[in-house]
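Not measured: the values here are computed from a predicted model.
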Amino acid sequence: MATHNLAVILKNQSNDAEFLLLKQTPPPKFSEDQYDSYVDSDLWDLPSTLLNLQHDHSHPGIVIQGAQSSHNIDLTKFDVQLALTGVLEKLGLKVNDVGEWSLFKYVEEAEFGPGFPVNTVFIMGKLLDGNQNCQGLWKWMSTESCLTWLLEVKPCSDRVGPLVVLALINDSLQSAAWTLPPMLRYQEYPPGVVILPMRSKTRKPFLTTNLVIFAPKQVSDTVGDCSFVAHGDALIVDPGCRHEYHEELKQIVACLPEKLIVFVTHHHLDHVEGLSIIQKCNPNATLLAHENTMRRIGKGDWSLGYTSVSGEEDILVGGHRLTVIFAPGHTDSHMALLDVSTNSLIVGDHCVGQGSAALDITSGGNMTEYFQTSYKFLELSPHTLIPMHGRVNLWPKNMLCGYLKNRRNREESILKAIENGAETLFDIVANVYSGVDCSLWTAAASNVRLHVDHLDQQKKLPKGFSMENFIDSLVAFESLVVAFEPNSGEL
């Protein structure tokens with residue numbers, strides 16, 4: 001199953017190279033200055049809306065040329081007229097302001113989860129009067145100008161959304177020297193950054209880990225005077241697919257240039273289980289990882305040499321620069337990666353597509369460092385966040401502030417439970433997570449332990465609270481709840 005969106009490509013009657021972009025509505029603010037002071041730049045994309053199923057078949061609705069010949073989707077099942085009317089109302093337009101409509105493209109989304117994929121129907125029309133007053137809500141752009149915004153990013157500059165890239169830009173770029181196997185569904189956003197969800201041994205609500213492939217179609221010659229820790233023609237981040245999908249990973253590696261770099265954000269199995277396949281298919285590949293991560297990766301996954309990274313190193317891929325970011329918190333050696341040209345930040349498990357990430361206390365997870373890393377990411381002002389579980393996030397500062405707010409709210413709840421008499425780990429978890437399925441309590445307990453450590457470091461714990469007794473209670477808790485690994489949900 002899938003849900004559907006309708007996206008509209010409105011061409012300019014006086015300039016056929018231009019199409020209309022709508023300023024996107026940002027997520028709600030937090031009404032707290034410490035978060036609302038961080039503002040994402042304006043995002044422009046094709047106007048779109050949810051496409052619902054047709055319930056009233058008594059009228060034919062709007063005629064979409066070419067829809068009848070499409071074998072991929074039957075538009076008669078959907079209320080296109082209602083959706084299109086809603087899209088045009090956002091622009092201050094009416095249906096009769098546009099000429100004939102035609103089906104431009106139908107794109108099926110990869111299964112990022114945990115919900116259904118969102119497939120998109122793109123239709124095209126021509127605005128009969130392109131000089132109407134847009135009141136700053138929409139503007140005319142060409143493919144070339146959009147590409148400049150996407151690939152030559154300036155700090156806090158306006159951004160172009162994924163619908164434009166999916167519908168118009170990817171097809172306009174020159175063909176890459178490599179192509180992925182046709183049966184695989186993936187997202188390419190920004191251009192040159194491929195995100196391919198692959199089944200992995202992760203935890204609910206997710207089923208997949210994103211394999212990120214960086215292999216730019218447009219090679220850059222302007223990389224400055226940086227010294228690079230590794231050079232390559234393509235880069236893979238976190239090959240963590242299950243054994244059953246190793247054949248697919250083998251086909252992917254075979255499609256990529258031989259001069260390959262592999263980057264690992266951290267050691268968890270759902271991020272490294274496919275390393276052995278890359279080693280077999282391309283023993284000349286260069287592996288980049290933190291030394292603590294490599295100590296936790298088994299020889300069966302990677303037995304060749306590697307290049308140690310600790311943050312601030314630069315990588316050269318296809319003439320483009322990527323910068324390694326030391327991002328501890330989830331683990332003590334967790335790393336992120338910034339694509340400098342598109343200002344896209346690959347965040348590993350620091351953020352996930354739904355809920356919040358659990359910190360791994362057994363591998364040096366640390367709440368203080370998690371807060372520090374979140375602020376480090378905010379200062380980078382990324383245009384997109386690419387997590388290893390779930391979809392790309394288009395409002396990075398809002399997402400990061402949401403994580404900070406959630407963590408602080410949890411910490412306040414934990415402190416309140418302690419002030420009300422909770423002394424053991426079980427007491428605190430049962431109080432704070434009373435409304436959460438108890439099957440998630442063990443994963444929650446890891447974060448609770450780290451929050452208590454953080455409160456202790458800040459000297460916020462009540463005088464009567466004994467850290468010694470709290471630590472002694474950890475073993476008793478483990479005997480009550482079945483162990484869960486990180487990334488379990490909203491914790």
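To the nearest 0.5 Å, the span separating CG on Asp360 from NE2 on His334 amounts to 10.5 Å. Separating the CD1 atom in Ile123 from the CD1 atom in Ile64 is a distance of 4.0 Å, to the nearest 0.5 Å. Separation of atoms CD1 (Ile236) and CZ (Phe263) is listed at 13.5 Å; rounding is to 0.5 Å. Note that OG of Ser344 and CG of Leu337 are 10.5 Å apart. Values are rounded to the nearest 0.5 Å. In this structure, Thr307 OG1 and Met294 CE are separated by 10.0 Å, a value rounded to the nearest 0.5 Å. Rounded to the nearest 0.5 Å, atoms CG (Leu127) and CH2 (Trp140) are 4.5 Å apart.
Between the side chain of Ser145 and the backbone N or O of Met141 there is no donor-acceptor pair closer than 3.5 Å. Ser446 places a side-chain N or O within donor-acceptor distance of the main-chain N or O of Leu359, the cut-off being under 3.5 Å. Listed for the Asn282 side chain is a donor-acceptor partner under 3.5 Å among the backbone atoms of Glu258. Remark: the backbone N or O of Gly390 is paired with a side-chain donor or acceptor of Asn210 at under 3.5 angstrom. Judged by distance alone, with hydrogens and angles left aside, the side-chain atoms of His389 form a donor-acceptor pair with the main-chain N or O of Thr208 at under 3.5 Å. Using modelled atom types, one side-chain atom of Asp238 and one backbone atom of Thr265 make a donor-acceptor pair closer than 3.5 Å. Between the side chain of Ser413 and the backbone N or O of Asn409, at least one donor-acceptor pair lies under 3.5 Å. Not a single donor-acceptor pair under 3.5 Å links the side chain of Asp270 to the backbone N or O of Cys241. A donor-acceptor pair is defined here as one N or O able to donate and one able to accept, closer than 3.5 Å; no such pair exists between the side chain of Lys201 and the backbone of His271. Between the side chain of Asp45 and the main chain of Leu163, a donor-acceptor pair closer than 3.5 Å is present.
Using a 4.5 Å heavy-atom threshold, the side chains of Ile195 and Tyr186 count as separate. At a threshold of 4.5 Å between non-hydrogen side-chain atoms, the residues His231 and Ile261 do not count as touching. Here the side chains of Asn5 and Leu51 are not in contact, with every heavy-atom distance at 4.5 Å or above. Thr342 has its side chain out of reach of His320: every pair of non-hydrogen atoms, C-beta onward, lies at least 4.5 Å apart. Phe19 has its side chain out of reach of Asn12: every pair of non-hydrogen atoms, C-beta onward, lies at least 4.5 Å apart.
Shown here for Val160 and Leu43, the closest heavy-atom pair between the two residues is C-CD1, 3.9 Å. Taking all atoms of both residues into account, the shortest heavy-atom contact from Pro47 to Val87 is CB-CG1, 3.6 Å. Across all non-hydrogen atoms, the minimal contact from Phe206 to Val352 is CE1-CB, 3.9 Å. Contact between Leu103 and Gly66 at its shortest, heavy atoms only, is CD2-O, 4.1 Å. For Pro162 against Gln187, the heavy-atom pair with the smallest separation is CB-NE2, 3.9 Å. Taking both residues in full, the closest heavy atoms of Leu53 and Phe78 are given as CD2-CE2, 3.8 Å, listed atom of the first, atom of the second, then distance.
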Check residues 20-32 and write down every donor-acceptor pair under 3.5 Å in which the side-chain atom is one partner and the other belongs to a residue at least two apart or another chain.
from	atom 1	to	atom 2	distance (Å)
Gln24	NE2	Leu22	O	2.8
Glu32	OE1	Gln34	NE2	3.3
Glu32	OE2	Lys405	NZ	2.5

All N/O donor-acceptor pairs, side-chain side in residues 369-376, below 3.5 Å, sequence neighbours left out:
from	atom 1	to	atom 2	distance (Å)
Tyr370	OH	His350	O	2.6
Thr373	OG1	Pro328	O	2.7
Thr373	OG1	Glu369	O	3.1
Ser374	OG	His350	NE2	2.9
Ser374	OG	Tyr370	O	3.0
Tyr375	OH	Arg408	NH1	3.4
Tyr375	OH	Arg408	NH2	2.6
Lys376	NZ	Phe326	O	2.6

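Ion pair Asp97/Lys126 not flagged as a salt bridge, since none of the NZ, NE, NH1 or NH2 atoms sits closer than 4.0 Å to an Asp/Glu carboxylate oxygen. The pair Arg391-Glu109 counts as a salt bridge, with a side-chain nitrogen and a carboxylate oxygen less than 4.0 angstrom apart. A salt bridge is defined here as a Lys NZ or Arg NE, NH1 or NH2 lying under 4.0 Å from an Asp or Glu carboxylate O, and Arg185 with Glu111 fails to meet this definition.
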> Asp40 and Lys397: salt bridge (Lys or Arg N to Asp or Glu O under 4.0 Å), yes or no, with the steps?
Replying inline: CA-CA 6 Å; Asp40 290 295; Lys397 292 183 179 180; 5.8 Å; no
> Could you walk me through whether Thr209 and Ser200 pass the side chain to side chain donor-acceptor pair (under 3.5 Å) check?
Replying inline: CA-CA 6 Å; Thr209 298; Ser200 67; 2.7 Å; yes
>> Is there a side chain to side chain contact (heavy atoms under 4.5 Å, CB included) between Val347 and Ile325? Walk through the geometry before answering.
In response: CA-CA 9 Å; Val347 296; Ile325 311 293; over 6 Å; no
>> Applying side chain to side chain donor-acceptor pair (under 3.5 Å) to Thr293 and Ser333, what does each step give before you reach the verdict?
In response: CA-CA 6 Å; Thr293 294; Ser333 52; 3.0 Å; yes
>> Between Ile169 and Val164, does the side chain to side chain contact (heavy atoms under 4.5 Å, CB included) criterion hold? Intermediate values first, please.
In response: CA-CA 6 Å; Ile169 289 181; Val164 175; 3.9 Å; yes
>> Before you tell me yes or no, could you show the steps for Val194 and Tyr189 under side chain to side chain contact (heavy atoms under 4.5 Å, CB included), namely the whole-Å CA-CA distance, both residues' side-chain angles and the distance that decides it to 0.1 Å?
In response: CA-CA 7 Å; Val194 171; Tyr189 179 80; over 6 Å; no
>> Assess the residue pair Lys139 and Asp42 against the criterion (salt bridge (Lys or Arg N to Asp or Glu O under 4.0 Å)); give the C-alpha distance rounded to whole Å, side-chain angles, the decisive distance to 0.1 Å, and a yes or no.
In response: CA-CA 12 Å; Lys139 63 173 66 179; Asp42 288 339; over 6 Å; no
>> Could you walk me through whether Gln458 and Glu411 satisfy the side chain to side chain donor-acceptor pair (under 3.5 Å) test, starting with their C-alpha distance in whole Å, then the side-chain angles of each, then the deciding distance to 0.1 Å, before giving a yes or no?
In response: CA-CA 12 Å; Gln458 300 173 85; Glu411 195 154 286; 3.1 Å; yes
> Where do Asp314 and Val229 land on the side chain to side chain contact (heavy atoms under 4.5 Å, CB included) test, with the steps shown first?
Replying inline: CA-CA 6 Å; Asp314 288 310; Val229 69; over 6 Å; no
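The aromatic rings of His330 and His266 lie perpendicular to each other, with more than 60° between the two planes, well past the 30° mark.
Residue pairs satisfying the side-chain hydrogen bond (donor to acceptor under 3.5 Å, both in side chains) criterion with at least one member in residues 148-158, sequence neighbours excluded, are listed as follows: Trp44-Asp158.
In Asp33, the CG atom is not crowded: 12 or fewer heavy atoms of neighbouring residues, nucleotides or ligands sit closer than 6.0 Å. Heavy atoms of other residues, nucleotides or ligands lying less than 6.0 angstrom from OH of Tyr38 number more than 12. Around CD of Glu100, the count of heavy atoms belonging to other residues, nucleotides or ligands within 6.0 Å does not exceed 12.
For the side chain to side chain contact (heavy atoms under 4.5 Å, CB included) with Pro382, the qualifying choice from Thr384, Leu380, Ile386 is Leu380, the only one to do so.
Geometrically, Arg159 engages Trp395 in a cation-pi contact, judged by NZ or CZ lying under 6.0 Å from the ring centre and within 45° of the ring axis.
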